[in-house]
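Here the structure is laid out as structure tokens; the discussion comes afterwards.
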Amino acid sequence: MKTLGLIGGISWESTVPYYRLINETVKTRLGGLHSAKLVLYSVDFEEVARLQHAGDWDAAGRLFADAARRLEAAGADAVVICANTMHKVAPAIEAAVRLPVLHVVDGVADEIRVAGLRKVGLLGTRFTMEQPFYAERLQQHGIEALIPGEPARTEIHRVIYQELCVGKIVDSSRVAFRNIMAELVAQGAEAIILACTELSLLLGPQDATVPLFDTTQIHARRAAEWAIG
């Protein structure tokens, strides 16, 4: 079994499910007392969030490249970024280490295509929804992404940073997300990507009339399967 290098803490609330899901997958696949071989580098999310909101992605890229180098030195065989938004700096990581980056979009896109779907709603941070790095990679897989309107994007971003990243689960926010997802379905979305690792803390299949693709679950499971080989 290969060793996964996790960059976590973005936020730690969603890094915990990554650890659990990776180990559950290994246990299911291999049985017995097997568990995953992991190295975790957990960043200070306050520092990362400041760089995100300042638009200083170069500094964020340097921070994550340094984290990846530390994982490589610790014996990791691949890098797993335990977040969606920070895949924006995946190229900086790839340039800094010899390890593959197991990209969240590729695994999610594979599962969407297997389901026979081509148009999806995209929910995530403002950066993930509005900047091209995520939607363009989906498009490379033949998948079109729809994003909510401006007021909805503002509310989604607020809920992620002010509630979910600090462990708050608010029922009124769940209702708001249900309405946002319903609007995307009305615009033609055949499924919804929960493209923020915290969103699965708030939303489940019962909250939408179309399939939800939980990036945390998919990314963690596929990373474990890669490690098992």
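Just so we're clear, the structure is a prediction, and the values are computed from it rather than from any experiment.
- In terms of hydrophobic clustering, with Ile, Leu, Val, Met, Phe, Trp and Tyr side chains grouped at heavy-atom distances under 4.5 Å, Val114 and Leu138 are assigned to different clusters.
- Atom CD1 in Ile93 sits 7.5 Å away from atom CE in Met86 (nearest 0.5 Å).
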Worksheet item: Stepwise, does the side-chain contact (heavy atoms from CB on, under 4.5 Å) test hold for Val170 with Val159?
Response: CA-CA 9 Å; Val170 180; Val159 169; over 6 Å; no
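- Considering every non-hydrogen atom in both Leu184 and Pro148, the closest pair reads CD2-N, 3.8 Å.
- Residues Leu4 and Leu102 meet the side-chain proximity criterion, which asks for heavy atoms closer than 4.5 Å.
- Interatomic distance, Lys27 NZ to Leu33 CG, rounded to the nearest 0.5 Å: 9.0 Å.
- Checking side-chain atoms of His141 against main-chain N and O of Arg113 turns up no donor-acceptor pair under 3.5 Å.
- Looking at Asp106 and Arg137, a side-chain N of the basic residue comes within less than 4.0 Å of a carboxylate O on the acidic one, giving a salt bridge.
- With rounding to the nearest 0.5 angstrom, the CE atom of Met1 is 5.5 Å from the CG atom of Leu30.
- Asp66 contributes no side-chain N or O that, together with a main-chain N or O of Leu63, makes up a donor-acceptor pair within less than 3.5 Å.
- Taking a 6.0 Å sphere around CD of Gln139, one finds it holds 12 or fewer heavy atoms contributed by other residues, nucleotides or ligands.
- Contact detail for His219 and Ile81: the closest heavy-atom pair is CE1-O, 3.3 Å.
- Between the Glu190 side chain and the Lys119 main chain, a donor and an acceptor come within less than 3.5 Å of each other.
- For the 3.5 Å distance criterion, the side chains of Thr128 and Asn84 fail to qualify, holding no donor opposite an acceptor.
- Linking ILVMFWY side-chain heavy atoms closer than 4.5 Å, directly or via other members, places Ile10 and Tyr19 in two distinct hydrophobic clusters.
- Met129 approaches Gly124 most closely through the heavy-atom pair CE-O, 3.1 Å.
- Criterion: ILVMFWY side-chain heavy atoms under 4.5 Å apart, direct or through other members. Under it, Trp12 and Val48 are not part of a common hydrophobic cluster.
- Contact check for Leu199 versus Phe177: side-chain heavy atoms found under the 4.5 Å cut-off.
- Distance check: Cys196 SG to Asp214 CG gives 10.5 Å after rounding to the nearest 0.5 Å.
- Considering only heavy atoms from C-beta on, Leu40 comes within 4.5 Å of Thr15 through its side chain.
- Shortest non-hydrogen contact noted between Phe133 and Phe127 is CE2-O, 3.6 Å.
- Residues Tyr41 and Phe64 are not in side-chain contact: their nearest non-hydrogen atoms beyond the backbone lie 4.5 Å or more apart.
- No side-chain donor-acceptor contact under 3.5 Å links Thr3 to the backbone of Asp77.
- Here the CD-CD1 distance, from Glu111 to Ile218, works out to 4.5 Å after rounding to the nearest 0.5 Å.
- A salt bridge links Glu155 to Arg158: one of the charged nitrogens lies within less than 4.0 Å of a carboxylate oxygen.
- Clustering ILVMFWY residues whenever any of their side-chain heavy atoms sit less than 4.5 angstrom apart, transitively, puts Ile143 in the very cluster that holds Leu123.
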Worksheet entry | His87 and Tyr134: CA distance, side-chain angles, deciding distance, side-chain contact (heavy atoms from CB on, under 4.5 Å) verdict | CA-CA 8 Å; His87 279 76; Tyr134 208 97; 5.6 Å; no
Worksheet item: Val80 and Leu38: side-chain contact (heavy atoms from CB on, under 4.5 Å), yes or no, with the steps?
Response: CA-CA 10 Å; Val80 178; Leu38 299 170; over 6 Å; no
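- For Trp57, the CH2 atom is densely surrounded, since the number of other residues' heavy atoms within 6.0 Å is greater than 12.
- Inter-residue side-chain proximity for Val105 and Gln140 is flagged as unmet; no heavy-atom pair is nearer than 4.5 Å.
- Leu21 and Gln217 get closest at one heavy-atom pair: CD1-CA, 3.8 Å.
- The side-chain hydrogen bond (donor to acceptor under 3.5 Å, both in side chains) with Arg126 is formed by just one residue from the set Glu150, Gln131, Gln52; it is Glu150.
- Between the side chains of Ser14 and Thr216, no donor N or O sits under 3.5 Å from an acceptor N or O.
- A single hydrophobic cluster is not seen to contain both Leu6 and Val97; linkage of ILVMFWY side chains at heavy-atom distances under 4.5 Å, directly or through other members, places them apart.
- For Asp58 and Arg62, the salt-bridge test fails: no basic side-chain N is under 4.0 Å from an acidic carboxylate O.
- A distance of 10.0 Å separates CD of Gln162 from OG of Ser173, quoted to the nearest 0.5 Å.
- Taking the six-membered ring for Trp and thresholds of 30 and 60 degrees, His157 and His53 have ring planes more than 60 degrees apart, a perpendicular arrangement.
- When atom types are taken as modelled, the side chain of Glu94 and the backbone of Val101 share no donor-acceptor pair closer than 3.5 angstrom.
- A donor-acceptor pair under 3.5 Å links the side-chain atoms of Arg174 to the main chain of Leu202, judged by distance alone.
- Residues Glu225 and Thr25 have side chains that never bring a donor and an acceptor to within less than 3.5 angstrom of each other.
- What you find for Glu198 and Cys165 is that their closest heavy atoms are CD-SG, 3.8 Å.
- In this structure, Ile192 and Val120 have side chains that are not in contact, with every pair of non-hydrogen atoms separated by 4.5 Å or more.
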